[in-house]
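One structure below.
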Amino acid sequence: MQFSNLPKPADAQKAKFGQEMFKNAADVPQDLVAAIFGNSPYLSKIIESEPEFFADICKNGFDFAFVHLIDNVRNLEAQELSKVDLCNFLRLTKRKVSLLVALADITNVWNLQKVTAALSDFADSAVTLAVEWLFFDKAKNKQIEAECVEECGFFVLAVGKLGAKELNYSSDIDIVVLYDESKAKYSGKLSAREFFVRFTQELVEILQTRNHEGYVFRTDLRIRPDPYSTPVAVSVEAAEQYYKNVGQNWERAAMIKARFVAGDAVAAKKFLKFLESFIWRSDLDFNAVEDIKSVKRQIDSSHPQKPEVLFGFNVKLGKGAIREVEFYAQTQQLIWGGREPELRAQATCNALLALEKTGKIKAGNAAKLIAAYE
């Protein structure tokens, strides 16, 4: 591997320490080692604990290493693991994914879209494995039929950055957990509602509780219907009634990015089909813009700094920052997407390109917004 434009080491002593570790590794570029050890204590610590994995990345390339990591997660037999083993496996794999993706990013081998897609793919795989393990675990107690995970009525939707496969290094994962009680093959002592609530609480625990190996992902369930009044797992019937009667415009914008991640794919597909009528309206919905503006004003009041003020500027929520580009794309989608399905892209940059292609924004502006977003 040969790289150009690597950052110079800020700490020469640590850079030298790293190079000494790999002085006999022919496939490991010394300039890369110096750049990492001389600038990033976090990545250096991972390399020290995973030297063989780091050497394999350098030898076989980022794409090969990532496919191998994800295959390990997807092909793991969940029923053969204890809960402790599952939690440690996911945290150790997250550590490797973090290192691999950061290296591909720093060396400019992967672009932003590939970086965020890789982080999102791992999150999908981690959630899926955790859900599968929980079903097998509950089946041991004869509470539910584990062999019917794909037809269990329980499913997890990704929303937010995970839904659009735009996850970044520090992102929480936003998920919505739903269940169709009529399909659930549940026979325990609790009500189905109580069972799926506890199931979801344990799913979150597996993903975000910190142990000696760290954590997998902070997990946010607040985009579910009426989050301050509903349990962490919501029945499909209750969710549909909520969206039919009191769903808000900001929720319509949020659910543009909803997609299936784990559990019952058939039940999820049916619910996502229902959501289309909630999100997309055939009339030109300019009222939605005012609601989104209200949300944006609340953010601006908390994060008033402009980009020129570097210290304290919030690159996600500040004026002209990431969320502003996302809001712009989503408001235009809500206005026009009911009539023009080609505008219903989940990813922000794809939405901007579709809006320009259909003449909803001026030629050249999509490229400017995408460049600012990236």
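Just so you know, these numbers use all the heavy atoms, side chains as well, and skip hydrogens, waters and symmetry mates.
- Using a cutoff of 4.0 Å between basic side-chain nitrogens and carboxylate oxygens, K45 and E48 are not scored as salt-bridged.
- The existence of a salt bridge linking R193 and E181 is excluded, since no basic side-chain nitrogen approaches an acidic carboxylate oxygen closer than 4.0 Å.
- With salt bridges taken as basic N to acidic carboxylate O contacts below 4.0 Å, one links K161 and E326.
- Between the side chains of N88 and R91, no donor N or O sits under 3.5 Å from an acceptor N or O.
- Closest approach of S171 and F217 over heavy atoms only: O-CD2, 4.3 Å.
- The salt bridge (Lys or Arg N to Asp or Glu O under 4.0 Å) check on E237 picks up nothing, with sequence neighbours excluded.
- Not less than 6.0 angstrom separates the ring centroid of Y179 from the ring centroid of F195.
- Applying the side-chain contact (heavy atoms from CB on, under 4.5 Å) criterion to Q113, with sequence neighbours excluded, gives N111.
- When ring centroids are compared, Y186 and F199 stay outside the 6.0 Å threshold.
- A single hydrophobic cluster is not seen to contain both L112 and L119; linkage of ILVMFWY side chains at heavy-atom distances under 4.5 Å, directly or through other members, places them apart.
- With sequence neighbours left out, the salt bridge (Lys or Arg N to Asp or Glu O under 4.0 Å) criterion links E213 to R95.
- V266 and V156 sit in two unconnected hydrophobic clusters of ILVMFWY residues. Membership requires side-chain heavy atoms under 4.5 Å apart, directly or through other members.
- With 3.5 Å as the limit, one finds a donor-acceptor pair spanning the side chains of E251 and Y242.
- Take F274 and apply the ring pair (Phe, Tyr, Trp, His ring centres under 6.0 Å) test, not counting sequence neighbours, and it matches F271.
- For Y243, the ring pair (Phe, Tyr, Trp, His ring centres under 6.0 Å) criterion is met by F278, not counting sequence neighbours.
- A search for salt bridge (Lys or Arg N to Asp or Glu O under 4.0 Å) contacts involving R218 returns D172, not counting sequence neighbours.
- Annotation: side chain to side chain donor-acceptor pair (under 3.5 Å) contacts of E202 (sequence neighbours excluded): K83, K138.
- Qualifying ring pair (Phe, Tyr, Trp, His ring centres under 6.0 Å) partners for F155, counting only residues two or more places apart in sequence or in other chains: none.
- Under the 6.0 Å distance and 45° angle rule, K14 does not count as a cation-pi partner of F37.
- Looking at every heavy atom in both residues, K94 comes nearest to V216 through NZ-O, 2.6 Å.
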Listed pairs under 3.5 Å, donor-acceptor, residues 61-71 side chains, sequence neighbours left out:
from	atom 1	to	atom 2	distance (Å)
D63	OD1	K114	NZ	2.5

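- With sequence neighbours excluded, no residue forms a ring pair (Phe, Tyr, Trp, His ring centres under 6.0 Å) with F260.
- In this structure, the side-chain contact (heavy atoms from CB on, under 4.5 Å) partners of A347, at least two apart in sequence or on a different chain, are E166, N350.
- Between atom CD1 of residue I144 and atom CZ of residue F196 there is a gap of 4.5 Å, rounded to the nearest 0.5 Å.
- The salt bridge (Lys or Arg N to Asp or Glu O under 4.0 Å) test applied to D105 returns no partner, not counting sequence neighbours.
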*Would I47 and I36 count as a side-chain contact (heavy atoms from CB on, under 4.5 Å) if you check the C-alpha gap in whole Å, the side-chain angles of each, and the deciding distance to 0.1 Å?*
CA-CA 9 Å; I47 292 173; I36 299 302; 3.7 Å; yes

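- R224 and T230 are linked by a side-chain donor-acceptor pair at a separation below 3.5 angstrom, with hydrogens and angles left out of the test.
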